[in-house]
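The block underneath contains the structure these notes are about, expressed in C-alpha cells.
Remember, predicted model here, so these are calculated numbers, not experimental data. Every chain is numbered from 1 and lettered A, B, ... according to where its sequence line falls, protein lines coming before strand lines. The figures here come from the full heavy-atom set of this structure, side chains too, leaving out hydrogens, waters and symmetry mates.
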There are 2 protein chains.
Amino acid sequence: MVASMIEESLLITYGAKIKKYKKNEYVFKEGQKARYYYQVSSGEVKMNNFLENGKEFVQSFFNAPRSFGEPPLFSDILYPANAVATKDSEILQLEKTTFLNLLRENPDIHLKVTQAIALRLYYKAIMATEISSQEPEHCILRVLDYLKKDVYGLSGPFSFKVNLTRQQIAHLTGLRVETVIRATKSLEKKNELLIKNRKLYR
Amino acid sequence: MVASMIEESLLITYGAKIKKYKKNEYVFKEGQKARYYYQVSSGEVKMNNFLENGKEFVQSFFNAPRSFGEPPLFSDILYPANAVATKDSEILQLEKTTFLNLLRENPDIHLKVTQAIALRLYYKAIMATEISSQEPEHCILRVLDYLKKDVYGLSGPFSFKVNLTRQQIAHLTGLRVETVIRATKSLEKKNELLIKNRKLYR
DNA sequence: TGAATTTTATGATTTGAATCATAAGGCATT
DNA sequence: AATGCCTTATGATTCAAATCATAAAATTCA
C-alpha cells in the first residue's frame with residue numbers, strides 16, 4: 001500500500017545526488033521556488049507551517065522511500081510549507097528539468113508519481129473535513145487510521161503502534177497537546193484506542 | 001493559470017460520453033468505487049461531505065473545463081466525498097481503463113492531469129493550515145485569494161467579484177454562516193474586502 | 001551519571017466561535 | 001402580486017477547546 005517511489009538506482013542514473021541533513025535542518029522553506037525532486041533515502045522529513053501565533057502545523061511526515069514537495073515542480077507555484085529533517089537524514093535530490101525528463105521517458109514511473117500525489121490529495125481531503133468538524137476525537141482517529149491503513153498497510157485491531165507523541169498528533173490535527181491527551185484517554189475508555197505504558201495502539 | 005484540462009474532442013475520440021445532470025443530482029457518492037474520469041463541460045459540480053452533526057463541508061467547486069474525482073482512479077481507494085451538480089450540468093465521463101490508456105499514449109496530457117492534481121493538493125495543504133489556525137478572517141481571505149489567483153488568475157485589488165454566498169464560504173471553510181457574516185464585515189473595516197450591495201470583492 | 005529537555009498528566013479559567021433566536025431584505029416561482 | 005425560500009443581519013447565550021499553571025515521569029544528551 002505504501003506507494004513505492006522511484007528506484008534509487010534510476011535516480012542516480014539520471015544524476016540525482018544524495019544530500020545529508022542534520023536533525024532540524026531545513027530542506028526548503030515556505031515561499032521558495034521548487035528546484036528539485038526530493039526522495040527520502042533514510043531518516044525522516046516533515047512538512048510544516050508556522051501560524052501567526054507561532055503554533056506549528058504539520059502537513060505530513062515522510063519516511064523512506066517517499067518523495068515530497070513535488071506539486072510546485074508541476075505548476076508555477078511556490079512551496080506552501082517548510083520541509084525539515086526530523087532526524088539525521090539522507091535525501092536524494094534531482095534537478096527539476098531532469099526529473100520532468102525522467103517522467104517523460106518513463107511513463108510507468110510518471111504514473112507512480114501521480115499515484116503518490118493523488119493519495120496525498122485524498123488524505124488532505126479527509127483531514128480537511130475532519131479538522132473542520134471540530135470533533136477532536138474523530139479527527140485523531142482519522143489521522144491514525146490513515147497512517148495505519150494507507151501508509152503502513154495494517155489492518156488488525158490495535159495492530160498499529162503509533163510512533164507519534166501526543167504533541168506530534170496535536171501538530172498534525174491542529175489541536176493542542178492537552179486536548180490530544182484528554183481525547184486519547186477518552187478514546188481508550190471507548191475502546192477505540194489502546195494505551196500500553198503511554199504508547200498508543202490503534 | 002486555470003489548468004486547462006483534456007480537449008473534449010480527444011476525450012470523445014477515446015469514447016467519452018456526455019452525461020446530463022440536473023441541479024442537486026449526484027455524480028458519485030462517498031465510499032463508492034471510482035469507475036470514470038469526469039470533466040465538467042458546462043454547469044458546476046461541488047464535492048462535499050456531510051459530518052456527523054449533519055453539517056456540510058465543501059471540498060471544492062468545479063467549473064468547465066475542470067476535471068474532478070481523479071485520485072481514486074490511480075490508487076485503490078474509494079471516493080472520500082460526494083460529487084453533486086450545483087447547476088444543471090453536462091459532464092464528460094470516460095471509463096477508468098480507457099482513461100489510463102489515454103494517459104499512457106499521451107504523455108503531455110498525463111503531465112497536465114498531474115499538474116491539476118498537484119495544484120489541488122497545494123490548495124488543500126493551504127486550507128488545512130488555515131482551517132487548523134482557528135482564525136476565521138484569515139481563513140476566509142485564503143479561500144478567496146486562492147480562487148482569485150489560482151482559479152481565476154486575477155491580481156488587481158478588489159478585482160475579484162466573489163460569486164459565493166456567505167453560506168457557501170462557510171461550507172468551504174468549516175465555519176458557520178454567522179461567523180462568516182461577522183468576519184467579512186470586520187474584514188471590510190480593515191480594507192481587506194469590499195462589500196458593494198452585499199456582494200464581496202477581493 | 002546527572003542535568004536539561006520533552007512528554008504525559010491534570011485541574012482551573014478564559015475565550016471566541018457555535019448556537020439560538022429573531023427579523024428584514026432579496027430572489028425565484030407560481 | 002403573493003408566496004415561500006434563501007441570504008444577510010444582529011444580539012444573547014452556551015460550550016468546549018484553548019490557555020494557563022503546575023508537576024511528575026520519561027527521554028535525551030552532555
Shortest non-hydrogen contact from A:Leu94 toward A:Gly15 = CD1-C, 4.0 Å
Contacting residues from residues 126-137 of chain B, given that a heavy atom lies under 4.0 angstrom of DNA chain C | B:Gln134, B:Pro136
ring-ring contact (aromatic ring centres under 6.0 Å, His included) against B:Phe160, all qualifying residues, sequence neighbours excluded | B:Tyr152
Of B:Lys19, B:Lys20, B:Glu8, the residue whose pairing with B:Ser41 passes side-chain hydrogen bond (donor to acceptor under 3.5 Å, both in side chains) = B:Glu8
Kindly state each residue pair satisfying side chain to side chain donor-acceptor pair (under 3.5 Å) with at least one member in residues 159-169 of chain B, sequence neighbours excluded.
-> B:Gln167-B:His171
With sequence neighbours left out, the residues meeting ring-ring contact (aromatic ring centres under 6.0 Å, His included) with A:Tyr122 are none
With no hydrogens and no angle check, is any side-chain donor or acceptor of A:Lys148 less than 3.5 Å from a backbone partner on A:Gly156?
-> yes
Applying ring-ring contact (aromatic ring centres under 6.0 Å, His included), name anything that partners A:Tyr146, two or more places apart in sequence or on another chain.
-> A:Tyr123
With sequence neighbours left out, what residues match B:Tyr79 under ring-ring contact (aromatic ring centres under 6.0 Å, His included)?
-> B:Phe28
In whole angstroms, how far is the P atom of C:dA18 from the CZ atom of B:Arg182?
-> 10 Å
First contact, last contact: which nucleotides of DNA chain D are these for chain A, 5' to 3', heavy-atom distance under 4.0 Å?
-> D:dA17 to D:dA26
Sequence neighbours left out, what passes salt bridge (charged side-chain N to carboxylate O under 4.0 Å, His left out) with B:Arg202? Give chain and number order.
-> B:Asp145, B:Glu192
If a protein heavy atom is under 4.0 Å from the base, mark B; if only from the sugar-phosphate, S; if neither, -; do that for nucleotides 22-30 of chain C going 5' to 3'.
-> ---S-----
Protein-nucleotide distance (A:Leu200, atom CG; C:dT7, atom C1'), rounded to Å | 12 Å
Contact class for A:Lys55 vs. all strands (heavy atom < 4.0 Å): base, sugar-phosphate, or nothing?
-> sugar-phosphate
Mind checking salt bridge (charged side-chain N to carboxylate O under 4.0 Å, His left out) for A:Glu137 and listing every partner two or more places apart, or none if nothing turns up?
-> A:Lys190
For the ring pair B:Phe99 and B:Tyr37, is the centre-to-centre distance below 6.0 Å?
-> yes
Going by distance alone, is a donor N or O of one side chain under 3.5 Å from an acceptor N or O of the other, for B:His110 and A:Thr114?
-> yes
Enumerate the residues from residues 159-180 of chain B whose closest heavy atom to DNA chain C is under 4.0 Å, giving them by residue number; use none for an empty result.
-> B:Gly174, B:Leu175, B:Arg176, B:Glu178, B:Thr179
Write down the distance between CD1 (B:Ile140) and P (C:dG16), rounded to a whole number of angstrom.
-> 16 Å
Can you list the residues that meet the salt bridge (charged side-chain N to carboxylate O under 4.0 Å, His left out) rule with B:Lys29, with sequence neighbours excluded?
-> none
